[in-house]
Each structure stands twice: as C-alpha cells, then as structure tokens.
Amino acid sequence: MTRFFVRRLILIVLTLFVVSIAIFAVTTVLPGDVAQVILGKGATPQDVETLRNELGLNRPAYSQYMGWIGGIVQGDLGDSLYLRRPIAELLQSRLTNSLVLAVFAFFVAIPSAVLVGIWAGTHRDSRTDRVMSTMSMVAISLPEFVTGMLLIVILSSTLHLLPSSSMMLPGTSPLTRPQILIMPALTLTGVIFGYVMRMTRANVIEVLQCNYVRTAILKGLPMQRVILHHVVPNAILPTITIVAASIGWLLGGLIVVEVVFAYPGLGRLLLGAVETRDVPLLQITTLIIAATFTFSNLAADLLCAVLDRRVRLS
Amino acid sequence: MMARTHHPSNFFNTVLTASIEQVSPALRALSNGLKLALMTNAGRVGLSLIVVHLTLAFVGSWLAPYSATDFHLEHQLEAPSSQFWLGTDQFGRDILSRLMNGAGSIIAISLAGTLLGLALGTSVGLISAYVGGTLDDLIMRVMDGLMSFPTLLLALLVLTMAPPPEEWLPSWLAWNGLNVVLTIAIVFMPWVARVIRSATLPLKVAEFVQNARLRGEGTLYMIFVEILPNVFPVLVVEVSVRLSYAILLASSIGFLGLGIQPPSPDWGLMISEGRMFLVNAPWVALAPAVAISSLVVGVNLFSDGMRQAQKLPRTK
C-alpha cells in the first residue's frame, strides 16, 4: 500500500508539473507578445515596453517559469494586473464561496445518483427505469446555462419561490442566505447526476451478468442479499472513477453556473480575468482548478486501492 | 537485403496508399454504425432529430423568412405571432431566422472540431503506442497533464490566449469560429489519444502486423495501413460520443461570449443575451435553448442507440 501511495504521489507531482508548464506555455509563450495581447492593438510601443518590464517578459522563458512557479511554491501568488491587488487577497472569499457551492452540489448529486443508478440497474427495463434513464439522458443533454435558465423561469419568475440572482454583498458568506445556493446547486447537480447515474446503472447491469452473481441467485440467496453483497461492492469500484471524472464536469460547470446566477466565486473571477486579459490572475485561477481536479482523481485512485487489493498490486 | 517490390518506402506513396486503402474500411465502419443505430428506437429518434438540424444547417439561411441581422425597431421583443413565428429579440430581429442561420455554424464548429480532434488524437495515440518506450511515456504524461484540466477550463485558456484568426490567416480563410474549432480539437486530443493507444497496443503484436514487419514494411506503412483500419470501429463510437460534448462545449463558449462574435447569430450567445429579458420576453432565450438541447439530445440518443445495438445478439 505504501509503495502504491508513494508511486501515485510521484505521478501526481509530475502531472502538476506538466499542468503548470501547460498553463505557463499557453499564457506566456503561445501568444508571442503577451504585453501586446494584454494592451491590445491601440497601445503605444512605450506602454508595451513598460508592461513587458513589469511582467519580466524580457527574461528567457525558463527563468520566467522558475520565477513564477517558485513564487507559488513559497506562497507568493503575485499581483492582479487589472485590479492591482495581491491575488491571494482576491482569492480568499471567492474560493470559499465556490467550495461551498461545489461541496453542496456534490453531496446532493453523487449519493442520489449512485442510489438511483443501482436501483435502475437492478430493475432494468421497468417503467421507472425507463423514466429515470430518459430523464438522465435529457439532463446530460442540457447545457448548464439552459438548466439554470429553466430553473429561474420556473422557480423564480413563475412560482416566486427563490431569488433569481445569487449576488452577495462583499464580505458576506453564502451560508447566511442558503436559499441563494439552491438553484445554482440544482443546476450543477443536473449534469453530474445524469452522468453518474447512467454510468452506475451500466456498471450494475454489467456485474449482474457475471457468473458469480448467477451462482448466488441460483443457490437461493434472497435477491436483496445478492444485490447488497455481490453486485454493489463490485459495481461501486468503476463508479468511483466515474465520480472523480465527474468532478471535472462539476468544476467546468461551476464557471458557467456562477455566470448564470451572478454568484461571486472562483469561476466568475476567472472569467473576469479572461475579459480583462489579466494574465497573472488567469494563471493562478486555472492552476487552482486544475490542481483540484488532479487531487480528486488521486483521492479516487487511493479509495479504489483501499477497497480493492488488485488495484494496489497491478 | 530484401527488395520491397510492392510498396516503395516513399513517404507520399505510403500516405497515398494508406488513404486509398482506408476509405473503404472507414466507410464500412460508418455505415455499420448507422445500420446498428437504426435497429433501436433511440437511434431512430436520434437520427430524425439530427436530420432536422442538418437540414436547417444546409438550407436554413435560404429558407429563413428574414435576415438574421436586420433590425425591425418597431417590433422589439414581440411575442411569437404569425408575422414572427418565434418572436423577436431586443433589436426586433426575427428569432426564427437567427436560429436557422445559426444552425450551420454550431454544427460546422462542433463537427470540424471533433474530426480534427480525432485526427490529432488518433495520430498521437497510434504513434505513441507503436513506437513505445520513452517517447510513449513522455507523450502519455503530457496527455495526462492536458486531461487534468476540466474541458471547459482548458478551452477558455486556449481561446483567451490564441490570437484571432485574422491575425495569422489570409482574410478569405479567417472565419471567426476557427479558434473554437482548434480549441475543441486540442481539448479532445488527449482523450482520443488514450483510447486509440489502448486499442493499438494489442494490435501491435497481432500476427498480421508481425507479418508486415517481416515483409520489411516501413513504420508509416505499418501504422497507417496495417493498424489504423482496425481501430476504425473504436473511432466511430468516439465520434458519436465526442460530438455531443463538442456541441455542449461550443455552445458554452458562445454563451460566455468567447465564440463567434456578434452580430453573427450564435445559439449560445443568443441565450446569453436573451437572459436579460427572461421575465418579460422568455422566448428570446428559450427558443435557442430548445434548439441546442434538441440537437444534443438527438446526438446522444443516436450514439446510445448505436451502443445498445452493438450489445444485441447479431442476427446474421
């Protein structure tokens, strides 16, 4: 187990290294002259030169990268170019807000999706299964902004149950007005629920066709026991990997959902950085989201390894 | 040394032979997929939805009753009527005409992005698996790195930093959806590469490939003529799955305002603009929302049908 853990950890460090290089390459090397891109075509050569100096663009690329990543490792995230404030300061409340929303959506969506998936898989082709499968198909086919908009039309403008916007006063926490979290969380839930439920259902159906399940049924075990002890433990392993992958959807969806509901989280900060061409802020926010995804994959791998000895030994 | 009589190891000849010999297995895999999908209800419904959208994409701009960009300022935010079937937006533009004109661009963008991503991913996956060793390790680590980005995030990053097409292409080629196409391709590449790589690994040691190697064929011939045709069935499934992601991704990009620029009609952008009138004129945002959703539902149903049918016992 320790060897497996250490090997996974080394791999993660390597992946994060590749991720940081990718972000750096795309934001600094790819556009040619970043200063020109940030300032636009109308900028005077003098302005461009000043910005080049400020960003340290006159140094060779590897030295820029080392300076950037070195700063991050030591806790110095740099300053936002547009807002002229330390990025660490900007991140504080945004990170918590997004985390609250994501965790809320995650704990609503995943357990219910897995349960419904198991139920649908064991009651394959029943009427409820058909209804649930059709609904999950529609759920994965709607983009987040469409789901969010439909919720606003139904719950907010028609039924007047919830506020249509999740704007917050600066310095307040979303938990003081939890009702603003409901629609964004439901929207996020929609997408990953459909995805995880479909995959869980498929896994359950696959396991049900295994010989050992047939043996268990034929030797006269009650169906409930077969499902709980033979089917679910084996179907849950591939499901964990699926759940980890769905976190990528969750994080991507977060960006869109925060825009739809005007929720002040990391995604809106990132989009703000995109609109103002605030490259330092864009780099850090992207890095945070990618790192979160990487670590959630690591967590899934470790969980699988704890549950299944075969994974550890391979 | 053995003379290579039937295939000289000239790059162009190899590629030419490869492309001729591959058209038929590619078509066969495609028509096979179509036939399979049509055996299920999901596949039939899906295909009909796709056909409706494709028709709109090809002839929509001719059939549209009005221009997509003309303002009718005396008819702002009008509800659906016999004059404007789906109502008008904040500038009095006919929503039906905008939808019909926008169908082409979203389908072209998603299709081109998917195909380019498949081409890139397939090449990377084939080469990585075939060459193996350190190069394989290196390529796969880079692909892992790219896959550590949630897709939308990587797309935003690339789109923000990529120079607009008119700066690096001649004006007749500089279509402003081109960056979205390239972005989708880059985002898809690692996922396709991984699937193709694992499909290639067992083929690499298959007997017919070993035979070709003993005949003294070159690397390019081995990869493109011997191995590639055998991964086509995997590719057909990949196309149908990727395509629905591509439509979702392209519409999200449009919604965030980073895709096709106004006044060209983009379904995602139309929804984003229509959100402001959600209370008084919901049709402005709902019409394009239905358009996007029905397209994605169609593609998803179709690929579901195809996969269902593959699991059915073959009656042949």
Side-chain angles (χ1 to χ4, degrees), chain A residues 11 14-23 26-28 30-32 34 37 133 137-138 140-146 148-150 152-153 156-157 164 191 198 247-256 259-260 267 270-271 273-275 277 279 282-283 285-286 289-294 297, chain B residues 42 138 141-163 167-168 186 244-245 247-258 267-268 271-272 274-275 278-280 282 285-286 288-290 292-301 304 307 311:
Chain A
L11 210 59
L14 213 66
T15 308
L16 285 178
F17 178 64
V18 175
V19 165
S20 68
I21 287 189
I23 293 177
V26 170
T27 51
T28 315
L30 180 80
V34 190
V37 172
S133 296
M137 151 72 69
V138 174
I140 61 163
S141 302
L142 297 185
E144 292 89 356
F145 49 91
V146 170
M149 208 177 60
L150 290 178
I152 293 180
V153 168
S156 179
S157 21
S164 68
V191 180
R198 278 162 63 89
I247 291 178
W249 294 71
L250 185 75
L251 292 169
L254 205 59
I255 302 174
V256 176
V259 172
V260 172
L270 185 144
L271 272 177
V274 166
E275 275 154 22
R277 307 244 159 196
V279 173
L282 182 66
Q283 289 171 332
T285 39
T286 326
I289 298 180
T292 313
F293 189 32
T294 311
N297 278 323
Chain B
L138 195 71
R141 283 295 81 75
V142 173
M143 295 298 133
D144 279 350
L146 288 181
M147 283 193 281
S148 308
F149 292 91
T151 40
L152 184 61
L153 184 69
L154 186 57
L156 287 185
L157 197 63
V158 175
L159 265 179
T160 315
M161 301 316 295
E167 277 179 23
W168 51 277
I186 292 173
S244 74
Y245 294 159
I247 301 166
L248 287 175
L249 192 58
S251 65
S252 297
I253 288 170
F255 177 80
L256 295 174
L258 294 165
W267 291 358
I271 296 180
S272 163
R275 281 192 309 144
L278 212 48
V279 179
N280 299 319
L286 286 180
V290 171
I292 291 177
S293 312
S294 60
L295 178 58
V296 185
V297 167
V299 175
N300 275 336
L301 278 176
D304 257 25
R307 270 173 297 171
K311 285 183 195 145

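Just so you know, these numbers come straight off a predicted model, no measurement behind them. Chain A is the first sequence line, chain B the second, and so forth, proteins listed ahead of strands; every chain is numbered from 1.
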So which of [options] has the biggest tally of heavy-atom pairs under 4.5 Å with chain B?
options: V256(A), T27(A), L142(A); result: T27(A)
options: G253(A), P143(A), G267(A), S157(A); result: P143(A)
options: V260(A), I152(A), I21(A); result: V260(A)
options: V138(A), V274(A), L282(A); result: V274(A)
options: R198(A), Q283(A), E275(A); result: R198(A)

Identify which part of [X] has an atom lying under 4.5 Å from any heavy atom of chain A, answering side chain, backbone, both or neither.
X: T151(B); result: neither
X: S244(B); result: neither
X: L258(B); result: side chain
X: R141(B); result: both
X: L248(B); result: side chain

Nearest 0.5 angstrom please: [X] [atom1] to [Y] [atom2], how far?
X: T286(A); Y: F149(B); atom1: OG1; atom2: CZ; answer: 7.0 Å
X: T285(A); Y: L271(A); atom1: OG1; atom2: CG; answer: 9.0 Å
X: L153(B); Y: F293(A); atom1: CG; atom2: CZ; answer: 10.5 Å
X: Y245(B); Y: S252(B); atom1: OH; atom2: OG; answer: 13.5 Å
X: L159(B); Y: I253(B); atom1: CG; atom2: CD1; answer: 5.0 Å

- Message: Among residues at least two apart in sequence or on other chains, which ones pass side-chain hydrogen bond (donor to acceptor under 3.5 Å, both in side chains) with S272(B)?
- Response: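 Result, side-chain hydrogen bond (donor to acceptor under 3.5 Å, both in side chains) vs S272(B): none returned.
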- Task: Just jot down the side-chain hydrogen bond (donor to acceptor under 3.5 Å, both in side chains) partners of N297(A), sequence neighbours excluded, or say none.
- Result: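 Applying side-chain hydrogen bond (donor to acceptor under 3.5 Å, both in side chains) to N297(A) gives none.
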- Determine whether L249(B) and L152(B) make a side-chain contact, defined as any pair of heavy atoms from C-beta on separated by less than 4.5 Å.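 Yes, at least one pair of side-chain atoms sits under 4.5 Å.
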- Task: Look at the aromatic rings of F255(B) and F145(A) and report parallel, tilted or perpendicular, splitting at 30° and 60°.
- Result: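 Rings of F255(B) and F145(A): parallel, as their planes differ by under 30°.
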Between [options], the one whose heavy-atom pairs under 4.5 Å with chain A are most numerous:
options: L157(B), V297(B), D144(B); result: L157(B)
options: A42(B), S251(B), A155(B); result: S251(B)
options: P288(B), A285(B), G145(B), S294(B); result: G145(B)
options: G257(B), G298(B), S148(B); result: S148(B)

- Under a 4.5 Å heavy-atom cut-off, does chain B meet the side chain of L16(A), its backbone, both or neither?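 The answer is neither part of L16(A).
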- Task: Heavy-atom distances under 4.5 Å only: say whether I247(A) touches chain B with side chain, backbone, both or neither.
- Result: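 No part of it gets close to chain B.
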- Query: Distance-only, no hydrogens or angles: does the R275(B) side chain make a donor-acceptor pair with backbone N or O of M149(A) under 3.5 Å?
  - Reply: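 Checked: no pair found.
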